[in-house]
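This report refers to the structure that appears directly beneath it.
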Amino acid sequence: MKEQIRKLLQTAVNRLVEDGTLPPDTHVDIQVERARDRGHGDFAANTALMLARPARRNPRELAEALVAALPSSDTVQRTEIAGPGFINFFLRAEAAYAAVREALDQGEAYGRGDIGRGKRLLVEFVSANPTGPLHVGHGRGAAFGGALCNLLAEAGYQVHREYYVNDAGRQMDILATSVWLRYLEVSGQQLRFPDNGYRGDYVRHIARSLYEREHDALRRQAAAVFGDIPADGSQGGDKEAHIDALVARAKELLGRSNYRRVFDLALNTVLEDIRDDLAGFGVEYDEWFSELSLTESGAVELALERLQRAGHLFERDGATWFRSTEFGDEKDRVVRRENGAITYFASDIAYHLNKLERGFDAIIDVWGADHHGYVPRVKAALSACGEDAARLDVRLVQFAILYRGSERLQMSTRSGQFVTLRELREEVGSDAARFFYVMRKPEQHLDFDLELAKSQSADNPVYYIQYAHARICSVMRQLGDKGLRYDAANGLEHLTMLEERHELDLVNAIGQYRELVENAAAAREPHQVAHYLRDLANAVHTYYNAHQFLVDDATLRDARLCLVLAARQVIRNGLRLLGVRAPEAM
RNA sequence: GCGCCCGUAGCUCAAUCGGAUAGAGCAUCGGCCUUCUAAGCCGACGGUUGCAGGUUCGAGUCCUGCCGGGCGCGCCA
């Protein structure tokens, strides 16, 4: 529709150029947008305002000239010139009703678009370290990423959902060691648990299942484990040195293959929990990509060689550095430490190169906002390798700040004091949680009040939308109870009977859904869907209260049912994008 | 100190590429259930868009400088 109007205006501009009203070199970006209020018609264009300066003409005069030059159209009923020179377009009502028919005909495909043109997109999101259960902070990344993927797929992109598993770092060693220490406790050893170890109950659970599998096979004397280990933080020492020494000791006492078994059990148990948790949250992945596989396949070394050949690496203080400052980063970065170990950054370079090599047209990373400082160096690395850094789009998601009423909760994975995503899902329900998370634009801090989300009250906006859906379902049940029949074809033939203001508002809202999906996908902003659905639900409730649907006049009744069923379809489709259920009854 | 993000109604947030009179929910106050679910509807109240300049036909939106908040600034991940 928008496109049609744009074409009409382009024709008018061309005509004015031909007759000399506009200079021959006129070039204008024709912007057509939905009018913000009814008085301004259906669509508005600011073309005359934009042409005023280059043409050195009064914008209102230009607007009149443009309108006079507009070709006739069977969808535009009339135009108006308003304000400083806006051209407002009023469409024929019949054009608007077409959306109702399309929504019913196309069903769950209604709203699918093609701005993606089948381009392949890789979206990486959540990617929390598998060192413990997901907490409510990760929940936002999951809800946002999941909705974004659905939205992009709906807009015609081919979306690949990926979780990057950090299974290669020091934190994983600390987890494995924590599990082993708890296992020693299970096996009857007395020991002092390190400050920096992972303290959550899940560590004890894994330790118990480790004990069930291995019995005393991995048991070592506490004295041997802790002998000559430097003092812990709370003992006046350095907690980092303490834990690192314990990790080294665990590897030494257990041997490579035993240590590996502890490590793998810890990793697989936590990963399985995360996978299950996300699935329960309605988030599924196409691929779980292992960081370890990059090191083991030699991809990291290859990436470093690539940088080396391009002349962007140098040695200093025994370490290998990437000269990222040449590509806009604020300081150079270490890729290989003095002790020979590669850094997380090095494997991340390899990972991003790998993503591009897999042939995706663009890649999107969803990161917590605390990683924002990381963006320039990853882009720098891609540029240094001769890749187009613009193919990487990093979306930063601010953390959720958790409240219980007015009390702000502090969270820390290490201390074991956190609210897990699983707890949140159990208390609040996935629907409310997912909706709550994506309601706000991601760069905005999110205040997440558990009491409010748990309250099951009207304060929860998701119920408002779900209720609109359930109400329509209920009307259809009533129809059956009253022994009435719904004739869709008859209704569709008589949509023009729907002339009440509430009906026109609803028709209009349904017709905006396609554009909404396009715009939200292009901007990569799922929250637009949430806001749209709120407005759509409002139109449904308002209509419901103002008019009876199941009237005696069968034809009017059929037309009204067509309208609300179309609305129900759009609510369903929109909620599906957000990963929220559309209940038949509430 | 430097960098990035944010600042909109009492509270939580919207506002399409810079567009017309800045909108919702909650809270407060007043109405609406004999009618398809009141998790609903209608109305009222509520604003110097943090402050000061600038750019232009037009600024919540762009630029500069302040103020306030968050995050980042490791041979951690």
Using a 4.0 Å heavy-atom cut-off across all strands, classify [X] as base, sugar-phosphate, or nothing.
X: D329(A); answer: nothing
X: A523(A); answer: nothing
X: T542(A); answer: sugar-phosphate
X: D535(A); answer: nothing
X: N46(A); answer: base

Which residues share a ring-ring contact (aromatic ring centres under 6.0 Å, His included) with Y486(A), sequence neighbours left out:
none
Please determine whether ring pair (Phe, Tyr, Trp, His ring centres under 6.0 Å) holds for the pair Y532(A) and Y513(A), giving the CA-CA distance in whole Å, both sets of side-chain angles, and the decisive distance to 0.1 Å.
CA-CA 8 Å; Y532(A) 166 84; Y513(A) 182 63; 5.7 Å; yes
Salt bridge flag under 4.0 Å for residues E525(A) and R395(A):
no
Quick test of your reading of the model: are R336(A) and E301(A) salt-bridged, counting only N-O distances below 4.0 Å?
yes
On the nucleotide [N], are OP1 or OP2 found under 4.0 Å from the side-chain N or O atoms that [X] carries?
X: K441(A); N: C6(B); value: no
X: H527(A); N: A15(B); value: yes
X: R471(A); N: A38(B); value: yes
X: Y464(A); N: C41(B); value: yes
X: Q444(A); N: A14(B); value: yes

For a quick check, with a 4.0 angstrom heavy-atom cut-off, what is the B/S/- contact string for nucleotides 71-76 of chain B, read 5' to 3'?
BSSSBS
Could you write out each protein N or O paired with an N or O of nucleotides 44-46 of chain B at a distance under 3.5 Å?
none

Residues two or more places apart in sequence or in another chain: which of them pass side chain to side chain contact (heavy atoms under 4.5 Å, CB included) with N88(A)?
H40(A), A44(A), E80(A), A82(A), F86(A), F90(A)
Sequence-distant partners of D365(A), salt bridge (Lys or Arg N to Asp or Glu O under 4.0 Å), two or more places apart:
K355(A)
Just one of D332(A), V335(A), L313(A) clears the side-chain contact (heavy atoms from CB on, under 4.5 Å) bar with W321(A), so which one?
D332(A)
Is RNA chain B part of any stem, that is, at least 3 consecutive Watson-Crick or G-U pairs with both distances under 3.5 Å, and where?
B:1-7 with B:67-73, B:10-13 with B:23-26, B:28-32 with B:40-44, B:50-54 with B:62-66
Please state whether the rings of F345(A) and F322(A) are parallel, tilted or perpendicular, taking 30° and 60° as the class boundaries.
tilted
